[in-house]
Amino acid sequence: MGKPTGFLEYERKNNVALSALQRIQNFLEFHEDMDIAERQKQGARCMNCGVPFCQSSIELKGMTTGCPLHNLIPEWNDEIYKGHMQQALSRLLKTNPFPEFTGRVCPALCEKSCLNGVDSDPVTIKENEYFTIEEGFKNHWMKAQKPEVRTDKKIASSAPAPPDSVLRMP
């Protein structure tokens, strides 16, 4: 762990959302990214707990808490803090095949189980994940992995579309 007192020194800061009037102008991202130095502070807030509930998906009273993918959250938060972005991406990709999606749409059960949240604000785990994968794409670290063997299977039918009358509402 790079900064043992990071959770005491730095407050949680989230990416700032653009106003609704700005968001309706286009289909681009609607959160402004933090600079890397500020994101490193957010990574430093991770305590690397003895028992990191954030990365352990468990069921309590019929509800799930923690990351269902068992992401190595303390590890990539530490790498973010140290400025080792490529290593952070490597740790993230060990357990998550699609962080470009989960960094945007995940309900962040990991943050709900973060021990920092007991008496303060939890670590910005979801935003750190989003930052890590976006850095990977920005720096061309993400490479397509083509399958060695292809099949003739399709994920969608090539059947013609139904006639217009079928698609109309009554």
Side-chain angles (χ1 to χ4, degrees), residues 1-18 29-148 153 155:
M1 186 170 107
K3 185 78 168 169
T5 59
F7 69 99
L8 297 170
E9 295 177 32
Y10 308 119
E11 290 185 23
R12 178 183 172 118
K13 290 187 181 174
N14 294 320
N15 290 340
V16 178
L18 299 175
E29 297 289 339
F30 57 90
H31 287 99
E32 294 179 5
D33 294 331
M34 286 182 194
D35 62 24
I36 291 180
E38 191 58 44
R39 182 56 58 200
Q40 286 178 279
K41 290 178 185 176
Q42 295 307 304
R45 293 187 68 242
C46 181
M47 299 187 302
N48 196 9
C49 314
V51 180
F53 294 109
C54 60
Q55 72 181 25
S56 304
S57 177
I58 57 175
E59 190 174 317
L60 298 172
K61 296 186 178 182
M63 299 186 314
T64 302
T65 183
C67 180
L69 298 176
H70 299 283
N71 279 334
L72 306 171
I73 296 166
E75 293 182 27
W76 44 262
N77 275 324
D78 183 49
E79 297 295 352
I80 290 171
Y81 166 69
K82 292 176 180 174
H84 303 154
M85 303 311 167
Q86 203 163 1
Q87 289 85 343
L89 178 64
S90 173
R91 300 312 297 159
L92 176 60
L93 293 172
K94 287 276 185 203
T95 53
N96 189 343
F98 300 112
E100 59 272 28
F101 301 117
T102 57
R104 288 175 168 82
V105 300
C106 178
L109 299 173
C110 52
E111 290 186 17
K112 310 306 185 270
S113 62
C114 175
L115 288 181
N116 267 345
V118 172
D119 63 353
S120 183
D121 291 322
V123 175
T124 55
I125 299 169
K126 182 177 175 180
E127 289 185 4
N128 290 353
E129 177 181 349
Y130 169 80
F131 165 80
T132 301
I133 189 62
E134 289 301 312
E135 281 292 300
F137 281 113
K138 185 170 75 175
N139 292 302
H140 306 287
W141 298 330
M142 295 298 296
K143 304 289 183 203
Q145 297 177 1
K146 297 179 182 176
E148 292 179 18
K153 295 179 181 177
I155 60 168

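- H70 and S56 get closest at one heavy-atom pair: ND1-CA, 3.9 Å.
- Shown here is E9, whose CD atom has more than 12 heavy atoms of other residues, nucleotides or ligands within 6.0 Å.
- Looking only at atom types and distance, the side chain of R39 has a donor-acceptor partner in the side chain of N15 under 3.5 Å away.
- Side-chain contact between C110 and N71: absent, with no pair of heavy atoms (C-beta onward) separated by less than 4.5 Å.
- Between E79 and K82 there is no salt bridge, since no side-chain N of the basic residue sits under 4.0 Å from a carboxylate O of the acidic one.
- At least one donor-acceptor pair under 3.5 Å links the side chain of R12 to the backbone N or O of V123.
- The two atoms that bring F53 and S113 nearest to each other are O-OG, 3.3 Å, heavy atoms only.
- Side-chain contact check for L109 versus T65: every heavy-atom pair is 4.5 Å or farther apart.
- Heavy-atom minimum distance, N116 versus P122: CB-CA, 4.0 Å.
- Dense packing is recorded around NZ of K112, with more than 12 heavy atoms of other residues, nucleotides or ligands lying under 6.0 Å away.
- Using a 4.5 Å heavy-atom cutoff, the side chains of C54 and I125 are in contact.
- Heavy atoms only, all atoms of each residue included: V51 and L115 are closest at O-CD1, 4.4 Å.
- Contact check for I133 versus F98: no side-chain heavy atoms found under the 4.5 Å cut-off.
- Within the 4.5 Å cutoff, side-chain heavy atoms of M85 are placed close to those of W141.
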- Task: Test salt bridge (Lys or Arg N to Asp or Glu O under 4.0 Å) on E129 and K126 and set out the steps.
- Result: CA-CA 5 Å; E129 177 181 349; K126 182 177 175 180; over 6 Å; no
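- With rounding to the nearest 0.5 Å, the separation of CG in L92 from OG1 in T132 is 6.0 Å.
- Side chain of R91 to main chain of L72: no donor-acceptor pair is present (N/O by atom type, distance under 3.5 Å, no hydrogens or angles).
- For the pair S90 (side chain) and Q86 (backbone), a donor-acceptor distance under 3.5 Å is absent.
- Side chains of K41 and M34 form no contact here, defined as non-hydrogen atoms less than 4.5 Å apart.
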